[in-house]
Amino acid sequence: MQNPYIPYPVVVDKIITEVDTKDIKTFRFKFVNPEDEAKYSYIPGQFGELSIYGKGESPIGIASSPTQKGYVEFTVQKAGVVTSALHEMEEGTVMGLRGPLGNSWPLEFLEGKNIVIVGGGFAFTTLRSLINYMIHDDNRKRFGNITVIYGARNPGLLLYKDELTEWGKRSDLNLNVTVDKGDANWKGREGFVPAVCKEVAPSKENAVAVICGPPVMIRFTLPVFFDLGFSKENIITSLEMRMKCGVGKCGRCNVGSKYVCKDGPVFSLAELDKLTPEY
Amino acid sequence: MENIETKLREEAKRLLLEKKADVIIGYEKGTLPLTATPCFITTPEEADKLVWNDLCTQNLAKFVHDLITAHKNSQKRVKPEDRKKKIIGVVARGCTTRSLIIHLQERQYGRDEVYIIGVPCTGYVDSKGLKAAINGADIIEGSIEGEKIKMKTSAGEKSVALKDVLADSCRTCRFNNPIISDVMVGNLAPSMNPDSEYDDVKDFEAKSIEERWAYFTKEMEKCIRCNACRQACPSCYCPTCFVEQSQPQWVGIGEDKTDTQVFQFMRLYHMVGRCVDCGSCVAVCPMGVDLRKFLKKIDKDCWELFGNRAGSSLEDMPPLGKYNEHGDKEDFIFNP
Amino acid sequence: MEKCLIKKDALAGIAKKMTENFLVWAPVKKEDNILFVPLQKGTEPFFAYLNSKNAPKNVFFPHTETMMKYTRTEKGMVFSEDENKAAESVLFGVRPCDAHSFVLLDKLFDQEKYKDGYYIAKRQKTTVISLACVKPPYASCFCTSVDGEPVSSEGADILLTDIGSYYLVEFFTPKGEKLVKYFGDTKADTAAETKKNEIAAKAKAAITSKIPAHVVKPILDKNFDNPFWNTIHGKCLACGTCTYLCPTCHCFDISDEVKGTDGVRIRSWDSCMFPMFTKETSGHNPRPSQKERWRQRTMHKFKYYVDNFNAISCVGCGRCVMYCPVNIDIRKIIEDISKL
Amino acid sequence: MAENLASKDWEPKIVAIVCNWCTYAGADLAGISRIQYPPNVRIIRVPCTGRINPFYIVKALQTGADGVLVSGCHPGECHYISGNLVARRKFAALKSFLSYIGMEGDRTMFTWVSASEGDRFAQVIRGVTAKVKALGPADKLKKKLG
């Protein structure tokens, strides 16, 4: 029996500073024991508990896609004890990784449908995992049109800039990047995510919207999708809660009878409606 | 006592009707035999719930602070000109008024935000002591009749003298009558026995260092870190207690022996000039840790070193917030 | 099923005899508290007790427990799962309500998907001996309202019932039967059994404190936003007494401790009554006040646990009722909810 | 621990929390003047003794110090006018309370050393080290892992 509380040893392979403010970095981990990688088979939308010596654990969504072999990536904002310690880490350090935990983006449900992905700010990480999974050569034909709407406060805060450039060149992906306020070098779109959604106006036909972002963005984006005719079953989002164990036992992340760590973090709006509004 | 209770209800009704207070914190009858519990009265009709008897234990100043803080937080998003003041009425015995004075000294709220209904106090029943007096039997029914507590228990009928089960804090209380009040209900109570208040501490001081450490260790081993003592204490009102801080983490959260000792030690030490010996922490502790043995020492030191009795005068400053350059004790300073 | 009789005064001797081969947890009187602690030489078990102050859940789910150890080396961290220290144990003389709590905790810790090895290892290696309540220990006991009984073997391997001059000893599981030899060879006759059944029925009837625990589930389903929730929490101190003494409360926190190059990851009890319990790093708190925390506690016991495991997560021991410093009475809360 | 006490080589670990303006300068002077003193102290510099949270002292004892020394400016010479006078009250109560619970008084020491007293600094360290050494390793309040 695998003890779900014991982390796999991983080595920090690469650290990429994502944003100008330097408080969001992407960490690439490699497993110390190669056999652990197979055990850590995950699906986009799941999360892991990053475990740092003497500091504790922090639940973070997996930012890489399972199609990217040999490593796992997490994009982490510096905030609390663990994430601050993580930001101090150097490449080559060994730390712990637990998981994969939680459910995932509902890939089977998404299959054969047109996908609209809406992300805001730092919450784009697990969406990136999903996008990379879907556009992989092995998987691309399983999904219909893919529309991505991604916004950040300013160009400096956009994550995965190189990848965004790559995606922009693709013909099988409709990428819309926007910033609230551009700078002198910004040639792209300006405007808030809800407004861009309205402008792009993805069709509701056979479509699913996957939305992830700060609460205020979600609050204004949802009405746009309702206006476009999306049903609550076809809007999917991911919740965040304070977590410790990650396996539905320690008792703090429940929303009603559901544990966000075990039964979530991904819920459709229809499912969320059934839960108590305590998140 | 019944007389006071009737007057108290009348007073509460009057205050609410005249809008002199928005809520009155007092005591009502509990759901278990021989208990009284804090209650919040907001309408004149409810005022008849109020009781005042020997079972009223908790120091209500804690709730005054809680309510005012909650109210102030709720006003933060209101435009300054639209902000409302909330006046908290509180049924206060001596120790409660001392705690209120500490809050006022520490600038937690204004004197005009609290309306103090002073009540005389002759001490309250220590429920753990009562339980011990009947050998841990379960109390099924009980009533106070004069100087006696009569009970029907799982071990038959029992009767205990009230004075034998008064809380330790009350027996030697120096301030059993309110120090400040806006209205006084009832006549001043006879004084208790303050001359012997430090007897216990003196006995303990006379013990050997190893005996003292052994006692401290034994008492702290009982602690289950439920934080009831801290939560019940009117002087423990920090928005984030040091126990809960994570950067830095002052004490471990587990039941490690030294973590518990350090937690308790530091909480007790935070009471220098702030412990009014109300006994609330002792009363709420589910495990019966003898906190008073240590708190009373703090009280004694505070008196002997700084000439201060916590919350005994509204004009005072907190003793650790001031100094006497040439008068303060220096004999502990090391001179090689 | 084996049954035998033992003399009333034999209990302590048997418990002490077992310490030769087992780690024996038994009620011990420590000053004014009755606590379940491992019996050591020189400590007397105390069976003339009503119920223990702490719930015996600490046998399987201790207040603080090491989950793993690690060492910092030049190459990085080396983890080691803390060797499973669970010893062959006997939990001697728990009340049926507390034994019932183990069944409820099993549902959570021993789930299909994620198994909690720390709890399970101790649970599997421990034989539970219940001591039936022939009369209700406290006037505030309400086990019969929450699927329990004062004379019940639920959650126990062996049940002891005081039938007058003897204890009737019943062995319910193979694990329990392994301990038969400790109880002598006076076989129980049917008369003893009849007597026990009479006593059980009488004991059950003597529990007069009742709560409509089953009635409230559909009401709770619909009343998350009921203004009723504003009425409970005013005087709550936000201490953890109710949760720490509760036999079924199981929330915990995980933290790391380091000294030099060595570290441990420990888990320790936590409480939904504490403000920090759900506070996120961002400062957002999904349960910002004591109101939400009380709703959580009530809902968790009487609704969420029923939703997830089809069982009410309360055994009616009455500890939270008796030891709440401000007398917030769960019996009254449930009563009030049933009238919503 | 026990074998440590038995061995004659045992040396105490002492944490000295000193103020920036007087005692730290005094320690500096002791160094410049090449005055010898025992190497058992680990010095922590703080702006003023008034800034010292008494928790630092208790925490030092919990995490492994055998003794703690606090030293600042002489009364009346505080860089911040009265920081040390407020501190004096805190420490008086702390020391008394620590010894009340059964902690040896010599484990927590308080003194004043000015910037010009390099010699006194060395003497203080010698004195404190000798006293703590006489007590042996601290085990009260000291945390062990796991």
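Proteins get letters first, then strands, A, B, ... in listed order; numbering begins at 1 in each.
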Peer 1: Between B/Leu320 and chain D, with a heavy-atom cut-off of 4.5 Å, which part of the residue counts as in contact: side chain, backbone, both or neither?
Peer 2: both

Peer 1: Heavy atoms only, distances under 4.5 angstrom: which of D/Asp106, D/Thr63, D/Leu85 has the most pairs with chain B? Name it, please.
Peer 2: D/Leu85

Peer 1: Check whether D/Lys140 gets within reach of chain B through its side chain, its backbone, both or neither, counting any heavy atom under 4.5 Å.
Peer 2: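 Both parts, heavy atoms under 4.5 Å.
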
Peer 1: With a 4.5 angstrom heavy-atom cut-off, is it the side chain or the backbone of D/Val128 that approaches chain B, or both, or neither?
Peer 2: both

Peer 1: Report the distance from atom CG of B/Asp299 to atom SG of B/Cys275, rounding to the nearest 0.5 Å.
Peer 2: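 One gets 6.5 Å once the value is rounded to the nearest 0.5 Å.
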
Peer 1: For B/His103 and B/Tyr109, take the angle between the two ring planes, folded into 0 to 90°, and tell me which bin it lands in: parallel under 30, tilted 30 to 60, perpendicular over 60.
Peer 2: perpendicular

Peer 1: Quick one: what part of B/Lys257 sits under 4.5 Å from any heavy atom of chain D, side chain, backbone, both or neither?
Peer 2: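 Neither the backbone nor the side chain of B/Lys257 comes within 4.5 Å of chain D.
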
Peer 1: Using 30° and 60° as the class boundaries, would you call the ring planes of B/Phe265 and B/Phe216 parallel, tilted or perpendicular?
Peer 2: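 Because their plane-to-plane angle is over 60°, the rings of B/Phe265 and B/Phe216 count as perpendicular.
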
Peer 1: Do you know which of D/Val86, D/Leu98, D/Asn84, D/Val70 has the most heavy-atom pairs under 4.5 Å to chain B?
Peer 2: D/Leu98

Peer 1: Given heavy-atom pairs under 4.5 angstrom as the criterion, report whether the side chain, backbone, both or neither of D/Lys59 touches chain B.
Peer 2: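 Only the side chain of D/Lys59 comes within 4.5 Å of chain B.
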
Peer 1: Using heavy-atom distances under 4.5 Å, tell me whether B/Glu219 contacts chain D through its side chain, its backbone, both, or neither.
Peer 2: neither

Peer 1: Do B/Lys329 and B/Asp331 meet the salt-bridge criterion of a basic N to acidic O distance under 4.0 Å?
Peer 2: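 Salt bridge present between B/Asp331 and B/Lys329.
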
Peer 1: Name the option with the most non-hydrogen atom pairs under 4.5 Å to chain B; the candidates are D/Gly127, D/Ser96, D/Pro75.
Peer 2: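 That would be D/Ser96.
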
Peer 1: Contact part of D/Leu61 toward chain B, heavy-atom cut-off under 4.5 Å: side chain, backbone, both or neither?
Peer 2: neither

Peer 1: So what's closer than 4.5 Å to chain B heavy atoms on D/Leu69: side chain, backbone, both or neither?
Peer 2: neither

Peer 1: In terms of heavy-atom proximity below 4.5 Å to chain D, should B/Lys207 be classed as side chain, backbone, both, or neither?
Peer 2: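 Neither part.
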
Peer 1: Chain D: which of B/His270, B/Glu330, B/Glu211, B/His326 shares the most heavy-atom pairs with it under 4.5 Å?
Peer 2: B/Glu330

Peer 1: Measure D/Gln62 against the heavy atoms of chain B and call it side chain, backbone, both or neither at under 4.5 Å.
Peer 2: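 Answer is side chain: those atoms of D/Gln62 sit under 4.5 Å from chain B.
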
Peer 1: Any salt bridge between B/Glu205 and B/Arg212, counting N to O under 4.0 Å?
Peer 2: no

Peer 1: Testing B/Ser99, B/Ser235, B/Ser280 one by one against B/Asn59 for a side-chain hydrogen bond (donor to acceptor under 3.5 Å, both in side chains), which residue passes?
Peer 2: B/Ser99

Peer 1: Does the ring of D/Phe110 carry D/Arg89 above it, NZ/CZ under 6.0 angstrom from centre and within 45° of its axis?
Peer 2: no

Peer 1: Which of the residues D/Met109, D/Arg88, D/Lys90 is involved in the greatest number of heavy-atom pairs with chain B at under 4.5 angstrom?
Peer 2: D/Arg88

Peer 1: Pick whichever of B/Tyr215, B/Phe204, B/Phe334 has the most heavy-atom pairs under 4.5 Å with chain D.
Peer 2: B/Phe334

Peer 1: Thinking salt bridges, do B/Lys218 and B/Glu221 make one under a 4.0 Å N-O criterion?
Peer 2: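 Salt bridge: no.
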
Peer 1: B/Val262, B/Val251, B/Leu268, B/Thr217: which one forms the most heavy-atom pairs within less than 4.5 Å of chain D?
Peer 2: B/Val262

Peer 1: Salt bridge or not for B/Lys202 and B/Glu197, using N-O below 4.0 Å?
Peer 2: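 Salt bridge absent between B/Lys202 and B/Glu197.
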
Peer 1: Is the positively charged end of D/Arg126 above the ring of D/Tyr37, judged by distance under 6.0 angstrom from the centroid and angle within 45° of the axis?
Peer 2: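 The answer is no; the distance or angle limit is not met.
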
Peer 1: With no hydrogens and no angle check, do the side chains of D/Thr129 and D/Asn40 hold a donor and an acceptor under 3.5 Å apart?
Peer 2: no

Peer 1: When only pairs under 4.5 Å are counted, which of B/Leu305, B/Ile298, B/Val272 shares the most heavy-atom pairs with chain D?
Peer 2: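 Highest number of heavy-atom pairs under 4.5 Å: B/Ile298.
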
